[in-house]
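One-based numbering along the sequence shown. Note: hydrogens, waters and symmetry copies are ignored here, and every other heavy atom, side chains too, is used.
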Amino acid sequence: PIIKQNQLLEEDFFPSLKKIFISGYWKDVYPGTALYRPLTIFSFWVNQNILGKTPFFFRLPNIFLHAAISFLIFIIFSGIFKSKRAGFILAFIFLVHPVHTEVVAGIVGRAELLCTLFMLLSFYLYTLFSLKKDRKFLLFSNFFFVFALLSKENAIIFPLILLLFDLLFNGEKKKFKRISGFFIVSLIYLLVRYYILGSFGPTQVGVFFKGVEFKFLFLTAVKIIFYYYKFLFFPFYQAPDYSNNAVAVVYSPFDLRFL
């Protein structure tokens with residue numbers, strides 16, 4: 001639906017570009033979801049208007065993005081652990097891990113791929129700033145963070161990742177100032193998002209959680225987190241199913257599914 005039912009992809013460049021950045025992600029399909037991912041939608045516009053509507057050419061960029069992300073993981077962790085072997089092992093595991101199948105093969109996985117790519121680019125530039133103290137690296141790190149936010153909302157946690165990185169690897173307990181720009185960017189993003197969509201965050205959950213109370217959503221989310229860990233080590237019987245009742249709701253902390 002995000003491709004076939006999206007009228008923004010059918011318009012000319014400049015009219016489409018303007019509307020993309022003032023519209024929600026599911027504008028023509030689920031208008032009440034309040035998701036804001038204009039850069040992802042713009043990538044679909046480029047796809048359709050340059051490469052055509054063939055599914056293969058929508059999936060091909062996802063493959064290249066996944067490869068680029070894996071290469072960045074190699075570069076970053078080779079530097080962090082001072083070992084190219086460690087960086088290669090981590091990057092190779094990431095590259096071939098079956099848990100990424102849905103994101104790479106599914107066209108809508110573009111949001112996760114773009115968000116991850118820009119977050120890693122931002123993180124890499126931040127590590128260069130930490131080493132060389134050249135503020136241009138910090139500036140470009142913030143720049144790519146903006147791109148990550150415009151790809152998917154999950155990037156909002158990135159400043160906390162930088163804070164944790166400084167505490168664990170740089171011993172920087174009193175240099176909050178250098179990541180304050182990322183928090184300012186996050187605040188500006190939230191204000192822009194609220195101005196465009198009227199909401200700081202998604203206003204609806206997945207179709208299979210409609211009408212479920214928050215306390216039950218929380219219990220179910222805890223269960224799903226353990227699913228993620230399970231798939232990291234035992235990536236079998238994956239089912240990217242978004243239909244109703246695809247995930248059983250947990251109604252009690254004493255439920256065996258929760259325990």
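- T116 places no side-chain N or O within 3.5 Å of a backbone atom of L113 that could act as its donor or acceptor partner.
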Would you tabulate the side-chain donor-acceptor contacts of residues 57-79 under 3.5 Å, counting partners in other chains and residues two or more places apart, or write 'none'?
residue: R59; atom: NE; partner: A105; partner atom: O; Å: 2.7
residue: N62; atom: OD1; partner: R110; partner atom: NE; Å: 2.5
residue: N62; atom: OD1; partner: R110; partner atom: NH2; Å: 3.4
residue: N62; atom: ND2; partner: V104; partner atom: O; Å: 3.4
residue: N62; atom: ND2; partner: G106; partner atom: O; Å: 3.1
residue: H66; atom: NE2; partner: L95; partner atom: O; Å: 3.0
residue: S70; atom: OG; partner: H66; partner atom: O; Å: 2.9
residue: S78; atom: OG; partner: F74; partner atom: O; Å: 2.6

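- Here side-chain hydrogen bond (donor to acceptor under 3.5 Å, both in side chains) pairs that include residues 143-152, with residues two or more places apart or in two chains, are E112-K152.
- More than 12 heavy atoms of other residues, nucleotides or ligands lie within 6.0 Å of NZ in K230, so this atom counts as buried by the packing criterion.
- The six-membered or imidazole ring of F233 lies away from that of Y229, with a centre-to-centre distance of 6.0 Å or more.
- The minimum heavy-atom distance linking F144 with F118 is given by the pair O-CB, 3.4 Å.
- To the nearest 0.5 Å, atoms CZ (F123) and CG (L162) are separated by 7.0 Å.
- Aromatic ring centres of F137 and F129 lie farther apart than the 6.0 Å criterion allows.
- In this structure, OH on Y189 lies 8.0 Å from OH on Y36, to the nearest 0.5 angstrom.
- For K136 and D134, the salt-bridge test passes: some basic side-chain N is under 4.0 Å from an acidic carboxylate O.
- Within the model, atoms CG of L149 and CE of M119 stand 9.0 Å from one another, a figure rounded to the nearest 0.5 Å.
- Through direct or relayed side-chain contacts under 4.5 Å between Ile, Leu, Val, Met, Phe, Trp and Tyr, I93 connects to I89.
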